[in-house]
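Worksheet: the structure to be examined is printed underneath.
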Amino acid sequence: MLNNVHGILMTNQPGYNLKDLSSIRSISSVPYGGRYRLVDFILSNMVDDGITDIGVVLQQGYQSLLDHLGSGKDWDLARRQGGLRLLPPFSMPSSNSQRIYQGKMEALIGLKDYLSEIKQEYLIVADADIVLNISLEDVFEKHIASGADVSVVCSRKFTDSPDYATYFTLKEDGSADEVLTRPEGDCYESLSIYVLSKSKMIELVDYSAARGLNSFSRQVLPLKDKLELKVVPYLFEGYAARFPTVADYFEKSMDLLKKDVRDDLFNPAHPIRSKDRSDPATYYGSESKVVSSMISDGCVIEGTVENSIIFRNVKIAKGAVVKNCILMKDVEVDAGASLNCVICDKSVSIGANRTLSGCETYPIVYAKGTRI
Amino acid sequence: MKKECVAMLLAGGQGSRLYALTRSVAKPAVPFGSKYRIIDFPLSNCVNSGIDTVGVLTQYRPMELNAYLGNGQPWDLDKSDGGVHVLPPYLGAGEQGSWYKGTANAIYQNIDFIDMYDPEYVLILSGDHIYKMDYDKMLDYHKRQHAAATISVLEVTLEEASRFGIMNVDENDVIYEFEEKPKEPKSNLASMGIYIFTWSKLRQALIEDENDPTSKNDFGGNIIPNLIAKGETCVAYRFRGYWKDVGTIASLWDANMDLLDINSGIQVFDKSWPIFARTNICPPHVCGPDAVISHSLVAGGCDIDGTVDHSVIFENVTVEHGAVVRYSVLMPGTVIKAGARVEYAILAENAVVEKNAVVGEDKGPIAVVAGGVVVDAGSQVPAGAMYTEESKGGEA
């Protein structure tokens with residue numbers, strides 16, 4: 001149990017572009033996997049491993065994230081002591097200049113008071129947009145055993161288009177050698193989950209504040225030798241996904257149709273929690289044909305669905321055909337409509353007999369509430 | 001703090017006619033309708049009707065029911081004032097305690113609980129019916145009629161009437177006689193087991209009833225007839241809508257099948273009167289490449305690659321490739337292996353039907369497999385059977 005660890009989640013990703021999916025909400029509250037938001041994964045991992053004190057650093061477009069997290073009760077984080085702490089950007093010293101933070105360090109400089117009041121000795125700081133199911137307990141134990149100043153969870157199966165991540169080459173003792181911004185040779189990709197002590201973090205925040213450093217991974221970590229930081233990558237072997245682009249989002253959402261990916265992400269002993277809603281089960285009509293798809297609760301499906309991810313309360317009328325699509329909550333597809341390779345955000349409605357088609361490599365996104 | 005109306009939910013029944021399904025849980029905790037347990041219906045009705053204080057009287061096998069209710073959070077009954085309270089029988093200091101002797105005795109033993117909220121009215125509910133009802137409308141009726149007791153009734157056919165407690169009423173729906181399962185019914189107004197009492201009248205009636213050693217301490221059999229005999233105003237409140245007693249295997253199966261007509265009956269998709277449930281954390285369900293699902297309800301966490309027709313499928317059920325499930329109710333965690341066939345059956349939690357086994361037959365009667373029981377590969381559970389660990393051993 002990680003009761004001496006405090007969680008900090010960063011909810012925005014400068015540089016990601018999910019078009020209409022992320023223009024109305026922070027990346028971490030982008031819907032994913034039928035009933036989840038991206039933040040559910042790392043947040044649930046923290047809770048499942050006994051972290052009960054978690055700060056969520058908000059930036060812009062956080063209305064939907066606030067709706068989703070609420071008091072934190074669905075993660076057992078509505079607590080008298082500790083629990084969920086929402087940290088809006090107003091606490092930033094730069095907020096008077098309307099500037100939004102560009103990196104972790106800039107955000108944490110603004111949250112210095114919060115940091116110094118943390119009771120736990122250690123921090124796990126993570127981006128809240130990564131999809132994975134990881135034992136943070138194991139990460140923490142290895143962090144202590146290795147004597148690292150900073151542990152970084154890494155993967156060798158690259159999750160990203162290279163523009164957005166940090167990579168490490170390794171020394172013989174397993175600690176990081178070079179910090180790279182593009183993969184080169186045999187290297188590890190950072191999944192942006194860091195373990196370090198609170199005191200070390202405060203030291204680095206002060207150092208960054210004095211020198212105008214904004215990015216932890218790209219500006220602070222490369223100075224590790226100068227700062228005498230022992231940075232140790234933790235190799236995570238499981239499934240991990242991030243979505244800097246719509247094509248990534250589409251392709252990796254479809255990974256959920258593979259049993260091994262589902263078994264990896266949805267381990268009942270280490271569950272991914274989400275906002276609870278009282279939906280009935282999904283009803284399949286007498287003429288429905290649904291294969292190779294993931295379907296959430298509360299849907300009424302009377303048409304055909306293939307190779308698709310269907311969120312809650314979606315209605316697919318008789319004669320409608322939905323193939324290779326992601327349909328988010330409350331989408332309605334009327335009779336005879338035909339959809340292929342499209343992503344419909346919440347509450348999109350598709351009129352009768354309409355035909356919409358994108359392509360696997362270029363799926364079309366329909367913004368929340370669009371009527372066609 | 002004072003409450004206008006407190007609900008008392010009688011959840012202690014054993015549900016012996018559901019035998020294999022209630023061996024380890026009280027009847028109100030029996031899963032129903034893909035996502036729910038029976039008790040979700042009266043509890044959700046309470047919350048939707050604005051009643052925020054509910055005492056749940058438990059007695060038989062309460063562990064799972066207690067765990068399910070928890071702090072009442074799924075129903076918004078986790079309140080600092082009121083909320084859901086589990087009320088088991090207890091032993092008072094220096095007195096003889098006892099099990100609840102009857103429905104009225106269960107309330108009698110909890111007079112202190114009710115007094116704590118000093119209510120004007122008490123709503124008595126039972127945990128074995130599926131229905132949506134606005135108790136607030138019934139309470140308005142009770143007040144308008146200046147009644148001591150209001151009994152919710154359903155109009156049934158005269159043939160059915162001999163299976164129910166029947167209210168004989170005058171032209172103003174004032175009850176002059178209560179008859180339990182009359183052979184020759186004089187009225188078709190069947191009691192739904194839902195009562196509103198003016199608390200001061202009920203309180204007194206409960207004390208008098210407790211002092212009568214011949215009483216069976218039953219609401220229908222004793223309290224209501226006694227109030228009528230004393231000249232108190234007892235009125236019938238006519239309810240129109242879906243109401244189903246799920247006290248038998250056949251009626252439980254029927255009620256589950258009724259749910260498949262999503263635009264009639266209980267209408268679980270109707271958001272204006274939501275039914276709340278404590279839900280397990282599970283991912284969406286998945287339909288495999290060979291799944292064929294029609295006229296069925298399927299809950300989260302399932303993995304379906306076989307044929308499912310006219311069935312109610314709860315959470316985390318697996319139906320493997322080539323398996324066929326028709327006209328059946330599969331409770332959480334059930335596994336139907338490849339090539340197995342399940343028809344007109346109810347399978348309790350975590351039952352397993354191994355490869356090529358057969359459970360039930362077309363048109364029934366309903367076969368039941370008890371929780372956690374494995375139906376061995378290639379074997380057969382006949383229609384109408386109650387298949388348990390013991391009966392399985394007996395057959396071998």
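Lettering follows sequence order; numbering is per chain, from 1. Keep in mind that this is a model prediction, so the values were computed, not measured.
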Top contributor to chain B contacts, counting heavy-atom pairs under 4.5 Å, from A:Arg277, A:Glu287, A:Lys73, A:Lys259 = A:Lys73

query = So which heavy atom on B:Phe276 is nearest to which on A:Ser278, and how close?
reply = CD2-OG, 3.2 Å

query = For A:Asn307, is it the side chain, the backbone, both, or neither that has a heavy atom closer than 4.5 Å to a heavy atom of chain B?
reply = neither

inquiry  = Show the nearest heavy-atom pair for residues B:Ile293 and A:Ser288, with the distance to one decimal.
reply    = O-OG, 2.8 Å

message = For A:Leu257, which atoms come within 4.5 Å of any heavy atom of chain B: side chain, backbone, both, or neither?
response = neither

ask   = Using non-hydrogen atoms only, which part of B:Pro274 is less than 4.5 Å away from chain A: side chain, backbone, both, or neither?
value = neither

Which of B:Ser34, B:Cys282, B:Ser44 touches chain A most, by non-hydrogen pairs under 4.5 Å = B:Cys282

message = Let me confirm one number: the CD1-OG distance from B:Ile304 to A:Ser293, rounded to the nearest 0.5 Å.
response = 13.0 Å

remark   = Counting heavy-atom pairs under 4.5 angstrom with chain A, the leader among B:Lys35, B:His310, B:His285 is B:His285

ask   = In terms of heavy-atom pairs under 4.5 Å, which option from A:Gly34, A:Ser286, A:Cys299 contacts chain B the most?
value = A:Ser286

note = Okay, B:Ala291 and chain A: the region with an atom under 4.5 Å from a heavy atom over there is both

query = Among A:Gly285, A:Ser44, A:Gly33, which residue forms the greatest number of heavy-atom pairs with chain B at distances under 4.5 Å?
reply = A:Gly285

ask   = Do you know which of A:Ile301, A:Leu256, A:Thr282 has the most heavy-atom pairs under 4.5 Å to chain B?
value = A:Thr282

message = Once rounded to the nearest 0.5 Å, what's the spacing between atom SG of B:Cys287 and atom NZ of A:Lys289?
response = 13.5 Å

query = Given that the side chain runs from C-beta out, which part of B:Leu297 has a heavy atom under 4.5 Å from chain A: side chain, backbone, both or neither?
reply = both

Chain A contact via B:Phe314 - side chain, backbone, both or neither, heavy atoms under 4.5 Å = neither

task = Check whether any side-chain heavy atom of B:Pro284 sits under 4.5 Å from a side-chain heavy atom of A:Phe311, and report yes or no.
result = no

ask   = Under a 4.5 Å heavy-atom cutoff, which of A:Ser274, A:Ser296, A:Pro268 has the most pairs with chain B?
value = A:Ser296

message = Rounded to the nearest 0.5 Å, what separates atom NE2 in B:His295 from atom CD in A:Glu302?
response = 10.5 Å

request  = Look up atom OH in A:Tyr283 and atom CG in B:Asp261, then write down how far apart they are to the nearest 0.5 Å.
outcome  = 7.0 Å

ask   = Got a second to check how far A:Asp279's CG is from B:Lys271's NZ, nearest 0.5 Å?
value = 6.5 Å

task = Over all heavy atoms of both residues, which pair between B:Phe269 and A:Ala281 is shortest? Give the atoms and the distance, please.
result = CZ-O, 3.2 Å

query = Counting only heavy atoms not in A:Lys368, do more than 12 sit closer than 6.0 Å to its NZ atom?
reply = no

ask   = Stepwise, does the side-chain contact (heavy atoms from CB on, under 4.5 Å) test hold for B:Thr279 with A:Asp276?
value = CA-CA 8 Å; B:Thr279 45; A:Asp276 185 28; 2.7 Å; yes

inquiry  = Other residues, nucleotides and ligands only: do more than 12 of their heavy atoms fall within 6.0 Å of NE2 on B:His321?
reply    = no

inquiry  = Rounded to the nearest 0.5 Å, what separates atom CH2 in A:Trp75 from atom CD1 in B:Ile281?
reply    = 10.0 Å

ask   = Can you say whether B:Asp309 sits under 4.5 Å from chain A via the side chain, the backbone, both, or neither, judging by heavy atoms?
value = neither

note = When the 4.5 angstrom heavy-atom criterion is applied to B:Val298 and chain A, the contacting part is both

note = chain A shares the most heavy-atom pairs under 4.5 Å, among B:Pro74, B:Ala277, B:Gly33, B:Gly288, with B:Gly288

request  = Select one option (side chain, backbone, both, neither) describing which atoms of B:Cys302 are under 4.5 Å from chain A's heavy atoms.
outcome  = neither

task = Under 4.5 Å heavy-atom distance to chain A, tell me which part of B:Ile275 shows up: side chain, backbone, both or neither.
result = backbone

task = Pick one of side chain, backbone, both or neither for A:Arg262, based on which atoms fall under 4.5 Å of a heavy atom in chain B.
result = side chain

